[in-house]
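A, B, ... follow the sequence lines: proteins, then strands. Residue 1 opens every chain. All heavy atoms count here, side chains included; hydrogens, waters and symmetry mates do not.
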Number of protein chains: 2
Amino acid sequence: MPSSLQVCAAELLDSVLLVMQAIRVEMRSRRTPDLTIPQFRALIFINRLPGGTLSELAENVGLTTPSMSKMIEGLVGKGLVRRESCAQDRRRVNLTLTASGRALLEQARGGSQQALAQRLSSLPVQERQSLVQAMRSLARVFSSEEAPPSAREAKRNVRPLKTVSPKRTGR
Amino acid sequence: MPSSLQVCAAELLDSVLLVMQAIRVEMRSRRTPDLTIPQFRALIFINRLPGGTLSELAENVGLTTPSMSKMIEGLVGKGLVRRESCAQDRRRVNLTLTASGRALLEQARGGSQQALAQRLSSLPVQERQSLVQAMRSLARVFSSEEAPPSAREAKRNVRPLKTVSPKRTGR
DNA sequence: TATTGTTATACTCTATAACTATA
DNA sequence: TATAGTTATAGAGTATAACAATA
């Protein structure tokens, strides 16, 4: 049944966009919108892999290294991230969260989680349990460190292949 | 079991962020990054509710009306959206997709869907079926037109309540 | 010479404030 | 007077290009 895969992907796409919107609304609704979503994702990454480098982070979040360097500069300035040059290779930097960074991450995550929980509360318990199982399947498939080859290649090679850069800036 | 709801929300949050990242990577990887994600979401909304107004769209996507006005100006310029003043109330505008707009939306959606399908292909069929069910539960809970009261109130009221606007611009 | 990260510069997105047109 | 949308202006985010420091 070849359509099953496409149907599944379509349903996933729709639902993820819907849920993501709820997360955005929640993040915007805070009195102090402490974090942008890219910053949120950066903190999540650093928290998950402390001591990672700028390049790794940039690739994961999907920014160029100059942009990420600037973002990190801001986060260091706010005391959320610690940036230390690596002992073995002094060109690199090691990124870790400060206590404030961890606290803010937990707060942001908690707020989003709370907003989702409110919506989910209207689901029957059984459906919630199924949902948890499904989310774990998703996490397994999407969190693999090696991204699908096509995506990675495309991401790396698309720019060099272009002869005239169409000035696609600022997302 | 009160923790179950929180666990569910936490799993959902993690997974949605992961999947969203895959979608972003895919959209960025195109030769011609035709649409930003906010533009993508605007087209989705207009497609779902043709004839909607600028304010409705802005609220749904989560932009101010001036920002949305500018975005629409661009989309109209590209021939993707049709903007007509409303007959009953000539202050309002009715937004609809052009044929090109629908085509581009389908293309963008298809690309994202394809990227997701590639990841999902490694899931056993049974897990995919469970996933589809779970996504339908999610869609049911998150697509309700009346957003949870707290979120809507927060969104509307937070700015007027502030005495000193902390210049939170540019997301 | 190659690689990691930063600085310089420019452009896009989005916001707030002020305005126009209509109700 | 209140409301829908636009225009004016400014700030934040991100990109490309050029550079500095280290390997």
Problem - Side-chain donor or acceptor of Q39(B) paired with backbone N/O of T36(B) under 3.5 Å - result: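 Between the backbone of T36(B) and the side chain of Q39(B) there is a qualifying donor-acceptor contact (under 3.5 Å).
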
Practice task
Determine: side-chain N/O of S55(B) to OP1/OP2 of dG5(D), distance under 4.0 Å, yes or no.
Solution key: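 So the side-chain polar atoms of S55(B) do come within 4.0 Å of the phosphate oxygens OP1 or OP2 of dG5(D), strictly under.
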
Handout entry: Any T65(B) side-chain N or O less than 4.0 Å from OP1/OP2 of dG5(D)
Key =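 Looking at the OP1 and OP2 atoms of dG5(D), neither is under 4.0 Å from any side-chain N or O of T65(B).
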
Nearest whole Å is fine: how far is [N] [atom2] from [X] [atom1]?
X      : N       : atom1 : atom2 : result
L75(B) : dC13(C) : CG    : C1'   : 13 Å
L57(A) : dG5(C)  : CG    : C1'   : 13 Å
M71(B) : dT7(D)  : CE    : C1'   : 18 Å
R92(A) : dT6(C)  : CZ    : P     : 13 Å
E73(B) : dC13(C) : CD    : P     : 12 Å
M68(A) : dT16(D) : CE    : P     : 14 Å
E56(B) : dA4(D)  : CD    : P     : 10 Å
I37(A) : dT14(D) : CD1   : P     : 11 Å

Practice task
Can you measure from CZ (F40(A)) to CG (L105(A)) and round to the nearest 0.5 angstrom?
Solution key: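 Atom-to-atom, F40(A):CZ and L105(A):CG are 6.0 Å apart.
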
Problem - Test log, rule side chain to side chain contact (heavy atoms under 4.5 Å, CB included), inputs I23(B) and L116(B) - result: CA-CA 8 Å; I23(B) 295 173; L116(B) 299 186; 4.1 Å; yes

Practice task
Measure distances between side-chain N and O atoms of S67(A) and base N and O atoms of dA15(D), and say whether any donor-acceptor pair falls under 3.5 Å.
Solution key: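 Looking at the base of dA15(D), it does pair with a donor or acceptor on the side chain of S67(A) (distance under 3.5 Å).
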
Practice task
Classify the side chain of K70(A) and the base of dT14(D) as holding, or not holding, a donor-acceptor pair under 3.5 Å.
Solution key: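 It does, because a donor-acceptor pair links the side chain of K70(A) to the base of dT14(D) below 3.5 Å.
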
Practice task
State whether a side-chain donor-acceptor pair under 3.5 Å links R90(A) with S85(A).
Solution key: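 No pair is found: no donor N or O on one side chain lies under 3.5 Å from an acceptor on the other.
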
Show every donor-acceptor pair shorter than 3.5 Å between a side-chain atom in residues 10-18 of chain B and any protein atom, with sequence neighbours excluded, or say none if there are none.
residue : atom : partner : partner atom : Å
E11(B)  : OE2  : R136(A) : NE           : 3.0
E11(B)  : OE2  : R136(A) : NH2          : 2.9
D14(B)  : OD1  : R109(A) : NH1          : 2.6
S15(B)  : OG   : M135(A) : O            : 3.1
S15(B)  : OG   : E11(B)  : O            : 3.0

Practice task
For nucleotides 18-23 of chain D, just jot down a letter per nucleotide in 5' to 3' order: B, S or -, based on protein non-hydrogen atoms under 4.0 Å.
Solution key: ---BBS

Handout entry: side-chain hydrogen bond (donor to acceptor under 3.5 Å, both in side chains) involving S137(B) - partner list, sequence neighbours excluded
Key =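 S137(B) satisfies side-chain hydrogen bond (donor to acceptor under 3.5 Å, both in side chains) with E127(A) only.
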
Problem - Chi angles and distances behind the side chain to side chain contact (heavy atoms under 4.5 Å, CB included) call for L49(B), E56(B) - result: CA-CA 10 Å; L49(B) 285 91; E56(B) 290 163 7; 5.7 Å; no

